[in-house]
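Encoded as structure tokens, the structure appears first; notes follow it.
Order of the sequence lines fixes the chain letters, A, B, ..., with proteins taken first and strands second; residue numbering starts at 1 for each chain. Quick caveat: nothing in here was measured; it's all calculated off a predicted structure. Only heavy atoms go into these numbers, but all of them, side chains included; no hydrogens, no water, no symmetry mates.
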2 protein chains.
Amino acid sequence: MSEVRWLNAEEQEIWRIYMTACNELSAHLDRQLRRDSGMPVAYYEILVCLSEAPGRSMRMSRLAELCRSSPSRLSHAVAALEKAGWVSRCLSETDRRGWVAQLTDAGFAALENAAPGHVTAVREHLFDVLSPGQLEALREISQAIFEGLDKAGRTPGPS
Amino acid sequence: MSEVRWLNAEEQEIWRIYMTACNELSAHLDRQLRRDSGMPVAYYEILVCLSEAPGRSMRMSRLAELCRSSPSRLSHAVAALEKAGWVSRCLSETDRRGWVAQLTDAGFAALENAAPGHVTAVREHLFDVLSPGQLEALREISQAIFEGLDKAGRTPGPS
DNA sequence: GGCAAGCTGTTGAGAGCTCAAACAATCAGT
DNA sequence: ACTGATTGTTTGAGCTCTCAACAGCTTGCC
């Protein structure tokens with residue numbers, strides 16, 4: 001029940017520029033991918049995960065875990081990808097509750113078509129504007145933030 | 001027309017952890033604000049901008065600029081905020097094309113109610129997990145990314 | 001004055017997300 | 001086996017965002 005520790009001007013600026021840069025970068029990449037390949041970044045990441053899996057296929061639950069997606073969100077997304085002909089679904093043979101998503105040939109082709117533009121944009125707007133030291137710092141910073149969230153998530157704390 | 005410069009394993013890890021940390025932090029704060037105060041972060045930011053403006057009111061176009069929002073998005077958002085009774089709109093007196101959004105007393109009260117929890121969450125998950133040196137680095141990194149995007153936006157370049 | 005061009009903001013359709021609810025298959029305990 | 005809890009996934013409603021199209025006002029120029 002202690003007093004709120006408000007942000008001073010400097011802290012507000014850091015907070016604001018951090019969120020702005022990340023959001024604008026996400027938005028830029030999403031527009032690029034939609035325009036050039038007709039898919040949002042979230043769908044691209046699903047296809048990438050599938051393409052790297054053995055047999056280009058994976059259980060829905062495992063896929064959701066890798067993509068940091070809720071089961072519901074993944075279910076909707078895979079339904080859309082199925083409609084586009086990029087993914088197919090079939091019942092798991094070992095556990096009849098489960099479904100296995102598989103990348104189709106058309107899906108793999110779409111991914112091969114989309115990847116160069118996407119990777120080029122990431123390199124241009126992230127790796128080309130930061131020094132090696134800054135990249136290492138960014139990794140450590142991001143890990144600290146992520147671990148802080150993760151810990152709080154597992155231990156239902158104050159916020 | 002040169003070859004694509006793919007990301008190596010280390011670069012992929014940095015890219016991935018950066019996006020994940022920022023997205024998870026955003027999602028965490030959005031859930032907190034929705035749960036405790038019934039508004040998404042995007043709406044909270046609109047209310048903050050208005051609360052700091054003279055007369056707690058501002059032209060829609062200026063507000064969109066400050067919130068880094070498209071005119072359309074802001075228009076939808078303010079319509080929702082008006083429905084909630086937190087914002088009111090009236091025609092500009094100087095330019096009859098324009099509208100002025102104003103924070104209502106109920107909107108100011110909602111903001112006062114929401115701010116402590118939000119700021120506490122930001123402090124807990126950002127400022128409390130990073131050292132002063134990391135915060136300064138994060139500011140510089142974010143500025144570099146943002147300026148890189150901004151420049152590319154004004155000069156229609158490769159991506 | 002009159003007209004084209006530009007600015008300001010809204011609207012509607014559609015896409016993707018979240019949340020809560022549902023449902024079927026499995027597991028653990030008796 | 002039977003029952004209840006748990007797991008894996010889907011579904012539907014509602015919300016917010018994007019994009020493209022539109023409408024009203026203003027400005028500059030003849």
**Fill in**
Whole-Å distance, A/Asn23 CG to D/dC17 P, equals 11 Å
**Asked** Is there side-chain contact between B/Leu126 and B/Leu138, with heavy atoms separated by less than 4.5 Å?
**Response** yes
**Item:** Minimum side-chain heavy-atom gap B/Leu47-B/Leu81 below 4.5 Å
**Value:** yes
**Item:** Contact check, side chains of B/Gln102 and B/Leu50, non-hydrogen atoms, under 4.5 Å
**Value:** no
**Message:** Between A/Ser61 and D/dT7, is there a contact of a side-chain N or O with OP1 or OP2 at under 4.0 Å?
**Reply:** no
**Message:** Quick one, A/Arg59 and A/Trp99 - any side-chain contact, counting heavy atoms below 4.5 Å?
**Reply:** no
Give each protein N/O atom lying under 3.5 Å from an N/O atom of nucleotides 24-29 of chain D, with the pair distance.
| unit_1 | atom_1 | unit_2 | atom_2 | d |
| --- | --- | --- | --- | --- |
| D/dT26 | OP1 | B/Arg96 | N | 3.2 |

**Asked** Going by atom types alone, do A/Asn8 and A/Gln12 pair a side-chain donor with an acceptor below 3.5 Å?
**Response** no
**Fill in**
Quick note, ring-ring contact (aromatic ring centres under 6.0 Å, His included) partners involving residues 35-94 of chain A, not counting sequence neighbours, are A/Tyr44-A/His118
**Prompt:** Would a distance-only check, ignoring hydrogens and angles, find a side-chain to backbone donor-acceptor pair under 3.5 Å from B/Gln134 to B/Ser131?
**Reply:** yes
**Fill in**
At a 4.0 Å cut-off to heavy atoms of chain B, the contacted part of DNA chain C spans C/dG6 to C/dC19
**Asked** Looking at B/Asp128 and A/Arg5, does any basic side-chain N land under 4.0 Å from a carboxylate oxygen?
**Response** yes
**Message:** Can you tell whether the side chains of A/Glu136 and A/Arg139 come within less than 4.0 Å, N to carboxylate O?
**Reply:** yes
**Message:** Any heavy-atom pair between the side chains of B/Glu24 and A/Asp150 that's under 4.5 Å?
**Reply:** no
**Prompt:** Does anything in residues 86-93 of chain A reach DNA chain D, meaning a heavy atom under 4.0 Å, and if so which residues?
**Reply:** A/Arg89
**Prompt:** Heavy-atom distance under 4.5 Å between the side chains of A/Met60 and A/Leu74, does that happen here?
**Reply:** yes
Quick test: give all pairs of protein nitrogen or oxygen and nucleotides 18-22 of chain D nitrogen or oxygen below 3.5 Å, distance rounded to 0.1 Å.
| unit_1 | atom_1 | unit_2 | atom_2 | d |
| --- | --- | --- | --- | --- |
| D/dT18 | O4 | B/His76 | NE2 | 3.3 |
| D/dC19 | N4 | B/Ser72 | OG | 2.5 |

**Request:** Go through the side-chain N and O atoms of A/Ser92 and A/Thr94 and say whether any donor and acceptor fall under 3.5 Å apart.
**Result:** yes
**Request:** Taking the side chain as every heavy atom from C-beta outward, state whether B/His125 and A/Ile145 have any atom pair closer than 4.5 Å.
**Result:** no
**Message:** I'd like to know if B/Arg62 and B/Glu65 make a salt bridge, using a cut-off of under 4.0 Å between side-chain N and carboxylate O.
**Reply:** yes
**Fill in**
DNA chain C nearest-nucleotide lookup for B/Ser75 and A/Ala77: closer to the 5′ end is B/Ser75
**Request:** Answer yes or no: is there a side-chain heavy-atom contact under 4.5 Å between B/Leu66 and B/Ile46?
**Result:** no
**Message:** I need the residues from residues 39-52 of chain B with at least one non-hydrogen atom less than 4.0 Å from DNA chain D; give them sorted by number, or say none.
**Reply:** B/Pro40, B/Ala42, B/Tyr43
